[in-house]
Amino acid sequence: MARHAEAGARYRRTGDVARSRTAPAGLTIGMVVFDRYQELPAVIVDFQGSVVHLARDTGMAWRTRALCVRPATTYEVRQLRAICELVARQRRDVARSLTFAPRQRTTATYEANKEET
């Protein structure tokens, strides 16, 4: 954590963040960060100068300035993991209901179809 603070102070001092073509110091692709502007934890997907591309497992993706993100706390990492597990469970349930659920026929439906033919 101290290393991130030192690197951030160096960039603020020199003003190189806007001109940087590489990742801002202390940030790496795949790192869980907290976006202060959106007030959401997310995962870093890509960098473009001083712009950080963030994404969540829910499908939400956005770009923000590197100065607006900080490494996520333990609580925020757990929060993001819980959301990812919830989305995965919901997607599994939807896929299971669409794929594996046979159509239930009641006796009344069977009798109505029998009378029509």
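- The CD1 atom of Ile44 sits 4.5 Å away from the CG atom of Leu27 when rounded to the nearest 0.5 Å.
- A distance-only check finds a donor-acceptor pair linking the side chain of Arg56 to the backbone of Pro41 [under 3.5 Å].
- Listed by chain and residue number, Ala55 satisfy the side-chain contact (heavy atoms from CB on, under 4.5 Å) test with Ala61 (two or more places apart in sequence, or in another chain).
- Side-chain contact check for Asp57 versus Ile83: every heavy-atom pair is 4.5 Å or farther apart.
- Taken from CG in Leu54 to CE in Met60, the straight-line distance is 9.5 Å, to the nearest 0.5 Å.
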Give every donor-acceptor pair under 3.5 Å between a side-chain atom in residues 69-79 and any protein atom, sequence neighbours left out.
residue: Arg70; atom: NH1; partner: Glu76; partner atom: OE1; Å: 3.1
residue: Arg70; atom: NH2; partner: Glu76; partner atom: OE2; Å: 2.8
residue: Thr73; atom: OG1; partner: Glu76; partner atom: N; Å: 3.3
residue: Thr73; atom: OG1; partner: Glu76; partner atom: OE1; Å: 3.3
residue: Glu76; atom: OE1; partner: Thr73; partner atom: N; Å: 2.9

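- Residue pairs that meet the salt bridge (charged side-chain N to carboxylate O under 4.0 Å, His left out) test with at least one member in residues 29-51, sequence neighbours left out, do not exist here.
- At least one side-chain heavy atom of Trp62 sits less than 4.5 Å from a side-chain heavy atom of Gln38.
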For the pair Val45 and Ile29, evaluate side chain to side chain contact (heavy atoms under 4.5 Å, CB included) and give the outcome as yes or no after the intermediate values. CA-CA 6 Å; Val45 178; Ile29 293 177; 5.9 Å; no
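- Sorted by first then second residue, the side chain to side chain donor-acceptor pair (under 3.5 Å) pairs that include residues 80-90, not counting sequence neighbours, number zero.
- In terms of hydrophobic clustering, with Ile, Leu, Val, Met, Phe, Trp and Tyr side chains grouped at heavy-atom distances under 4.5 Å, Phe34 and Val43 are assigned to different clusters.
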